[in-house]
Amino acid sequence: MSKVITPREQDYSKWYNDLVKEADLADHSAVKGCMVIKPGGYAIWENMQKVLDRMFKETGHVNAYFPIFIPKSLFEAEEKNAEGFAKECAVVTHYRLKSSPTEKGKLIVDPDAKLEEELIVRPTSEAIIWNTYKGWIQSYRDLPILVNQWANVVRWEMRTRLFLRTAEFLWQEGHTAHATREEAIEETTKMLEVYADFVENYMAVPVTKGIKTANERFAGADETYCIEALMQDGKALQAGTSHFLGQNFAKAFDVKFADKTGKLDYVWATSWGVSTRLMGALIMSHSDNNGLVVPPKLAATQVVIVPIYKGEEGLKTITEAVKPLIQRLRDKQILVKLDDRDTQRPGFKFAEHELKGVPVRIGIGERDLANGTIEVARRDELTKEVIALADAETYIEQLLIAIQDNLLNRARERQKRLTTEVDTFEEFKKVLDEKTGFIYAHWDGTPETEEKIKQETKATIRCIPLHNKQEAGVCVYSGKPSQQRVLFARAY
RNA sequence: CGGGGUGUAGCGUAGCCCGGUAUCGCGCCUGCUUUGGGAGCAGGAGGUCGUCAGUUCGAAUCUGGCCACCCCGACCA
């Protein structure tokens with residue numbers, strides 16, 4: 001049991017905060033609502049980026065970069081989108097400071113340096129990008145455009161939580177332009193699949209794919225697809241979104257193309273993104289009271305070797321002895337680190353690497369050297385065993401795969417356990433309060449009912465699952481007829 | 001933006017009611033002994049008590065303003 005982390009059962013959100021801080025993932029910064037992502041956290045984000053970036057390239061996308069500032073006139077062009085974000089925009093109004101005439105050493109905003117047009121700090125980049133695409137697109141030969149950008153965005157949130165909701169966050173946003181509606185929809189669902197693949201197979205977090213209701217839809221989109229994950233406390237977390245934007249932005253920015261017959265039409269668009277919020281999903285899916293648990297496929301260090309020794313000579317002997325093992329592990333592309341600090345004792349290192357979630361720990365001391373063995377501890381199950389040094393690399397290679405599988409399976413079982421079908425509103429509220437988790441219930445399809453359920457229970461419709469089973473029933477709230485169950489949950 | 005709370009060493013805190021220059025733990029530094037699950041002992045360093053003003057011989061403590069942060073709500077990836 002960790003000495004520094006509040007137990008999960010005692011206070012879940014404190015547990016989360018402790019974890020983020022103690023595992024060196026991130027810190028609160030001097031700027032309200034903004035975080036400092038520390039090397040330990042950034043390394044995991046970098047690994048996420050690497051994998052996702054490769055997946056984007058494999059699906060034909062290229063990276064580009066657009067400005068962080070968006071002139072207000074561009075921003076307001078697509079009305080629904082602008083309205084949707086208006087309440088949380090940071091705005092640049094001036095371009096210069098000057099020394100205060102009254103207070104020495106203080107700076108004031110120079111009133112003479114007011115911008116003619118205010119600049120919005122991007123909460124998302126559709127506006128600036130579609131303004132740019134206008135110049136890139138004339139004919140069907142210019143399509144499709146499949147561009148992604150890795151960037152920071154700012155949304156002035158009132159209440160923030162490290163990784164889950166911060167005023168500034170890192171993400172990627174794909175923005176594509178297509179000649180046909182069908183092609184754009186195909187792109188939207190294709191990228192949703194990419195996200196689901198990544199989140200399940202790399203983060204080991206199972207997701208439910210679906211479509212958002214009109215209430216929950218991205219402002220400016222015709223349809224929003226999403227992946228929803230379930231956290232250990234039974235709350236849902238939206239892990240990624242992919243939007244079919246129809247011709248809304250093309251119309252707002254007057255982006256037309258000539259088809260083969262010379263006929264002009266507006267371009268069809270998509271946008272899709274995942275953010276550093278995925279870090280929150282990762283943390284809350286696998287970690288325990290001893291600290292973080294990182295899936296091997298995203299760990300910055302997959303295996304750490306802790307030498308157990310007496311005196312300087314002892315350390316030297318073991319360091320020499322593990323060199324071949326390190327090489328053999330590296331030959332198998334395993335990320336291994338030798339913790340040869342002589343300022344920390346082994347017990348401390350065990351606890352520390354556990355706290356930081358290193359998937360596999362090897363302990364090796366004089367006794368092992370004599371016996372030709374090593375001690376292998378796995379983070380996910382907190383078990384240890386002694387194995388032969390001789391073919392350790394094969395064993396560990398398999399173990400890393402086993403840990404990755406185990407994390408996904410555990411998370412799948414939890415999601416299954418915390419998923420309930422209900423048929424009455426009483427049952428709905430009872431499950432929500434006592435069992436929590438995903439709830440499948442019939443809904444009459446109206447925004448009014450959705451809103452009332454939200455007001456009364458704080459639960460929202462997370463999505464209408466893709467390929468949803470069609471079955472006749474009655475809405476749990478209104479009793480009106482319904483053709484399918486939708487996914488409800490309280491959410492982050 | 002509403003409602004509540006808190007600011008004392010890097011972190012967590014005692015002291016405040018009842019004024020006399022600050023307590024303890026963790027961490028940090030030095031030395032010795034240690035090293036197979038967060039070491040022990042000894043010594044040491046570190047604080048404009050959030051900030052500005054007022055009351056007083058004297059303010060962490062009393063009074064007022066300001067600032068910051070946290071929690072709960074409305075909003076949200």
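So you know, we letter chains A, B, ... as the sequences are listed, proteins then strands, and number each from 1. Side chains are part of it too, since the values below use all heavy atoms of this structure and drop only hydrogens, waters and symmetry mates.
Atom-to-atom, CG of A:D11 to P of B:C70 comes out at 15 Å; the value is rounded to the nearest Å. Here B:C26 presents its P atom at 14 Å from CZ of A:F348, a figure rounded to the nearest Å. If you take CG of A:L162 and P of B:C69, they are 14 Å apart, rounded to a whole angstrom. Per the geometry, CZ belonging to A:R159 stands 17 Å off P belonging to B:G4, to the nearest Å. We find that CD1 of A:I5 is positioned 16 Å from P of B:G12, with the value rounded to whole Å. B:G37 atom C1' lies 13 Å from atom CZ of A:R379, rounded to whole Å. Atom CZ of A:R341 and atom P of B:A39 are 12 Å apart (whole Å).
Using a 4.0 Å heavy-atom criterion, one finds that A:L164 contacts the bases of the nucleic acid, with or without backbone contacts as well. Among the atoms of the strands shown, none is found under 4.0 Å from any heavy atom of A:T241. Using a 4.0 Å heavy-atom criterion, one finds that A:T166 contacts the bases of the nucleic acid, with or without backbone contacts as well. Residue contacts for A:F169: at a heavy-atom cut-off of 4.0 Å it reaches a base atom on one of the strands shown. Heavy atoms of A:Q238 sit under 4.0 angstrom from primed sugar atoms or phosphate atoms, though from no base atom. Within the nucleic acid shown, A:D342 has no heavy atom closer than 4.0 Å to any nucleic acid atom. A:Q344 comes within 4.0 angstrom of no nucleic acid atom, judged by non-hydrogen atoms across all strands.
Looking at A:E228, its side chain never comes within 3.5 Å of a backbone N or O of A:C463 through a donor-acceptor pair.
With both ends at atom P, the span from B:A42 to B:C11 equals 27 Å, rounded to whole Å. Comparing B:G64 with B:G5, their P atoms are spaced 15 Å from each other, to the whole Å. B:U6 and B:G12 have their P atoms separated by 16 Å, given to the nearest Å.
Scanning atom types as modelled, one donor and one acceptor separated by under 3.5 angstrom connect the side chain of A:K384 and the base of B:G37. Looking at A:E354, its side chain comes within 3.5 Å of the base of B:G37 through a donor and an acceptor atom. The base of B:G37 sits with one of its N or O atoms less than 3.5 Å from a complementary donor or acceptor on the side chain of A:R361.
The stretch residues 294-312 of chain A touches RNA chain B through A:I308, A:Y309, A:K310, A:G311, each having a heavy atom under 4.0 angstrom from the strand.
Not less than 6.0 angstrom separates the ring centroid of A:F244 from the ring centroid of A:W272.
In terms of phosphate contacts, A:R345 brings a side-chain nitrogen or oxygen within less than 4.0 Å of OP1 or OP2 of B:A39. In this structure, A:K458 reaches the B:G73 phosphate: one of its side-chain N or O atoms is under 4.0 Å from OP1 or OP2.
Where A:T276 and A:A377 each meet RNA chain B at their nearest nucleotide, the meeting point lying more 5' is that of A:A377.
By the 30° and 60° cut-offs, the orientation of the rings of A:H243 relative to A:F218 is parallel. In this pair, A:F249 and A:F253 present their aromatic rings parallel. The plane angle is below 30°, not in the 30 to 60° band. Ring-plane geometry between A:W15 and A:Y12 is classed as tilted, the angle between the planes lying from 30 to 60 degrees on a 0 to 90 degree scale.
A:T213 and A:E450 form a side-chain donor-acceptor contact under 3.5 Å, judged by distance and modelled atom types alone.
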Each base of RNA chain B marked ( ) or [ ] if paired in-strand (Watson-Crick or G-U under 3.5 Å), | if paired to another strand and . if unpaired gives (((((((..(((.......[...))).((((((.....)))))).....(((((..]....))))))))))))....
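Out of B:C75, B:A74, B:G36, the shortest distance to the side chain of A:K87 is found at B:C75. For A:H28, the listed nucleotide lying nearest its side chain is B:C70; candidates were B:G73, B:U35, B:C70.
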#### Entry: Trace of the ring-ring contact (aromatic ring centres under 6.0 Å, His included) decision for A:F85 with A:W156
CA-CA 10 Å; A:F85 283 107; A:W156 215 261; over 10 Å; no
#### Entry: Test log, rule ring-ring contact (aromatic ring centres under 6.0 Å, His included), inputs A:F198 and A:Y195
CA-CA 5 Å; A:F198 171 75; A:Y195 287 154; 8.4 Å; no
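B:U21: glycosidic angle within 90° of 0, hence syn.
Inter-residue side-chain proximity for A:S271 and A:L245 is flagged as met; some heavy-atom pair is nearer than 4.5 Å.
A salt bridge does not link A:E168 to A:R155: none of the charged side-chain nitrogens sits closer than 4.0 Å to a carboxylate oxygen.
Taking the centre and axis of the six-membered ring of A:F350, the NZ or CZ atom of A:R361 falls inside the cone set by 45° and 6.0 Å.
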